[in-house]
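Have a look at the structure below before the remarks.
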Protein chains: 4
Amino acid sequence: MLKINERSEAPIYEQIVQGMKELILKGALQPGDKLPSVREMSATLLVNPNTVAKAYQELERYGIIQTLRGKGTFVAETSAAPGMEKERLERLRHSFHQLLVEAGFLGIGPEQLQAWIDEFHKEIKE
Amino acid sequence: MLKINERSEAPIYEQIVQGMKELILKGALQPGDKLPSVREMSATLLVNPNTVAKAYQELERYGIIQTLRGKGTFVAETSAAPGMEKERLERLRHSFHQLLVEAGFLGIGPEQLQAWIDEFHKEIKE
Amino acid sequence: MLKINERSEAPIYEQIVQGMKELILKGALQPGDKLPSVREMSATLLVNPNTVAKAYQELERYGIIQTLRGKGTFVAETSAAPGMEKERLERLRHSFHQLLVEAGFLGIGPEQLQAWIDEFHKEIKE
Amino acid sequence: MLKINERSEAPIYEQIVQGMKELILKGALQPGDKLPSVREMSATLLVNPNTVAKAYQELERYGIIQTLRGKGTFVAETSAAPGMEKERLERLRHSFHQLLVEAGFLGIGPEQLQAWIDEFHKEIKE
DNA sequence: GTGGTCTAGACCACG
DNA sequence: GTGGTCTAGACCACC
């Protein structure tokens with residue numbers, strides 16, 4: 001359900017964060033669902049528990065998941081972002097801009113990008 | 001024409017690479033144009049010369065610029081990438097995917113993204 | 001300038017965070033000032049570098065300090081909190097409430113508390 | 001009359017302790033009053049009985065409540081703390097100090113704090 | 001059982 | 001030189 005790409009330059013904990021976000025966005029993880037414990041996930045991903053813990057803490061800071069002492073970690077009921085949206089949105093826009101530059105150099109035009117967007121949103125809504 | 005954001009989490013040399021790509025894509029830099037020397041640019045950007053040199057090396061690796069010994073550095077005539085396009089394209093797709101996830105969490109729908117794309121391509125063609 | 005109380009139940013990294021906040025609030029650290037490097041501080045406090053790093057990261061998340069790659073960590077120019085103030089303020093109010101309950105049980109009245117407040121603010125303004 | 005916030009970072013047993021202290025301070029619980037049994041309270045709060053037991057133990061340690069074997073648990077007649085006041089007072093002062101630092105960063109001045117104090121003490125005396 | 005904290009020691013990218 | 005990431009292994013509080 002979640003794979004780590006060791007060759008990726010993205011830090012492992014970030015890959016976990018991204019992966020969880022995607023699972024939640026696609027509905028594979030619903031609000032209230034219990035996440036695998038830090039130890040479990042570290043075992044299945046063959047990764048150090050601290051690394052998983054760091055990912056979970058990051059997700060919690062964004063209000064995406066919540067931990068209940070001694071019980072475990074759960075997908076938060078309200079996925080509403082806890083403020084500072086403005087800054088994050090600005091960062092997203094910037095990333096998107098950079099990506100468009102890169103796409104331009106690879107000869108990827110607006111049509112192809114649009115196709116990718118549509119494909120992605122079709123996945124989500126299923 | 002090229003601004004460095006010291007506070008950005010992106011490495012400075014990457015910012016230079018991105019900036020140059022953007023200038024070329026927008027036509028502000030045409031094939032054959034001479035680039036500022038490493039020293040010049042490091043002076044204007046208030047950046048370590050090694051950093052600029054690293055950026056230039058990266059750009060040369062992608063065939064975007066060319067260094068003629070004793071003459072200087074120039075925008076390459078053929079913007080065609082020297083192979084390895086497949087890998088870069090795969091990376092682009094992956095980045096795009098992650099970005100769509102992030103956008104989803106921020107409530108940015110396909111329409112907004114499409115708008116951003118159109119806006120960007122209008123800039124380029126001007 | 002910053003002391004760790006090993007007997008305190010507060011985590012070391014939190015003590016560092018609190019200590020830095022206090023130094024900044026009192027003006028001992030001015031915006032733009034360089035903080036001791038992670039390694040330096042870990043050596044002077046006799047604490048693991050990771051612990052100091054965690055404290056610095058926490059401070060950076062609140063926009064109180066900034067790290068410039070390869071150069072070090074500095075007190076941020078704008079101490080303005082990056083949003084989410086509302087939530088933090090609510091937490092502060094709650095903590096204050098709990099503290100007043102505790103004070104009530106120890107026979108500390110409003111006058112004493114007011115005295116402490118005045119004393120503290122006199123320190124700051126000096 | 002006593003609410004548990006599962007999402008709070010404060011341990012549940014601490015929340016119970018704090019809540020009981022507040023009820024007593026406000027006079028809602030008078031010396032001699034009988035407290036709900038551990039089982040009762042664990043049922044109404046939807047909390048593990050061990051957790052409630054731990055809270056009661058803590059309250060008894062501070063001489064705030066008393067357990068009479070076979071009869072139940074009662075609010076102690078003398079709210080006087082059994083020594084160790086000095087240490088608790090020192091801790092209170094320290095907490096207060098930290099809180100003032102935090103308040104300083106959030107732009108909360110002495111006037112606002114004073115207002116909160118007054119408001120709280122008005123509640124108590126009612 | 002759960003997550004939170006800390007240590008020790010390592011490697012890496014960046015400037 | 002700087003901070004960022006990761007591992008391995010340990011202890012603790014909480015439920």
Side-chain angles (χ1 to χ4, degrees), chain A residues 4 6 8-16 34-42 45-60 65-74, chain B residues 4 6 8-16 42 45-55 58, chain C residues 4 6 8-16 34-42 45-60 65-74, chain D residues 4 6 8-16 42 45-55 58:
Chain A
I4 297 304
E6 289 189 342
S8 165
E9 60 180 16
I12 296 176
Y13 82 92
E14 262 292 332
Q15 293 186 44
I16 297 175
K34 187 178 185 309
L35 268 56
S37 80
V38 169
R39 287 167 174 84
E40 264 183 285
M41 179 154 272
S42 78
L45 295 183
L46 299 176
V47 154
N48 189 289
N50 287 330
T51 305
V52 178
K54 187 170 182 179
Y56 278 21
Q57 282 166 16
E58 182 116 328
L59 285 164
E60 188 163 20
I65 66 176
Q66 276 181 331
T67 94
L68 303 184
R69 283 168 316 293
K71 290 188 176 174
T73 309
F74 302 81
Chain B
I4 297 305
E6 273 197 322
S8 164
E9 64 180 19
I12 293 176
Y13 83 92
E14 262 290 332
Q15 293 185 46
I16 298 175
S42 76
L45 295 183
L46 299 176
V47 153
N48 191 306
N50 292 328
T51 306
V52 178
K54 185 167 183 180
E58 184 109 328
Chain C
I4 297 303
E6 288 188 345
S8 166
E9 62 181 16
I12 295 176
Y13 82 92
E14 263 292 334
Q15 293 186 44
I16 297 176
K34 187 179 187 306
L35 268 57
S37 81
V38 169
R39 288 167 174 84
E40 264 183 286
M41 179 154 272
S42 78
L45 295 183
L46 299 176
V47 154
N48 189 290
N50 286 330
T51 305
V52 178
K54 187 169 182 180
Y56 278 21
Q57 282 166 15
E58 181 115 329
L59 285 164
E60 187 161 20
I65 66 177
Q66 275 182 332
T67 94
L68 304 184
R69 282 167 318 291
K71 291 188 176 175
T73 309
F74 302 82
Chain D
I4 298 303
E6 272 197 322
S8 164
E9 63 180 21
I12 294 177
Y13 83 93
E14 261 291 332
Q15 293 185 46
I16 298 176
S42 77
L45 295 183
L46 298 176
V47 152
N48 191 307
N50 292 329
T51 306
V52 178
K54 185 166 182 179
E58 184 109 329

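Residue numbers begin at 1 in each chain, while the letters A, B, ... track the order of the sequences.
For the pair T73(A)/L59(A), no side-chain contact is recorded, criterion being any heavy-atom separation below 4.5 Å from C-beta on. Between Y56(A) and S37(A) there is no side-chain heavy-atom pair separated by less than 4.5 Å. Residues I16(C) and L45(C) are in side-chain contact: their nearest non-hydrogen atoms beyond the backbone lie under 4.5 Å apart.
Residues of residues 45-54 of chain C having a heavy atom closer than 4.0 Å to DNA chain F, listed by number: N50(C).
Both E40(A) and R69(C) lie close to DNA chain E; mapped to their nearest nucleotides by heavy-atom distance, the more 5′-ward contact belongs to E40(A). Looking at which nucleotide of DNA chain F each of P36(C) and A10(A) is closest to, the 5′-most match is held by P36(C). If you find the closest nucleotide of DNA chain F to G70(A) and to P11(A), the one lying nearer the 5' end belongs to P11(A). Both V38(A) and Y13(B) lie close to DNA chain E; mapped to their nearest nucleotides by heavy-atom distance, the more 5′-ward contact belongs to V38(A).
Residues satisfying the side chain to side chain donor-acceptor pair (under 3.5 Å) test with E6(D), not counting sequence neighbours, are K71(A). Partners of N50(C) under the side chain to side chain contact (heavy atoms under 4.5 Å, CB included) rule, at least two apart in sequence or in another chain, are N48(C). Every residue two or more places apart in sequence or in another chain was checked for a side chain to side chain donor-acceptor pair (under 3.5 Å) with Q57(C), and none qualifies. When the salt bridge (Lys or Arg N to Asp or Glu O under 4.0 Å) test is applied to E14(A), no partner is found at least two apart in sequence or on another chain. In this structure Q15(C) satisfies the side chain to side chain contact (heavy atoms under 4.5 Å, CB included) test together with I4(C), N5(C), S8(C), A10(C), sequence neighbours excluded.
Within the 4.0 angstrom heavy-atom criterion, only backbone atoms of the sugar-phosphate kind lie near I12(D); the bases stay farther away.
Heavy atoms only, all atoms of each residue included: A55(B) and Y13(B) are closest at CB-O, 3.6 Å.
Taking every nucleotide of DNA chain F with any atom under 4.0 Å from a non-hydrogen atom of chain A, the first and last of them, 5' to 3', are dT5(F) to dC15(F).
Here CG of L46(A) is found 12.0 Å from OG1 of T51(A). Values are rounded to the nearest 0.5 Å.
DNA chain E contains the following stems of three or more consecutive Watson-Crick or G-U pairs, with both distances under 3.5 Å: E:1-14 with F:1-14.
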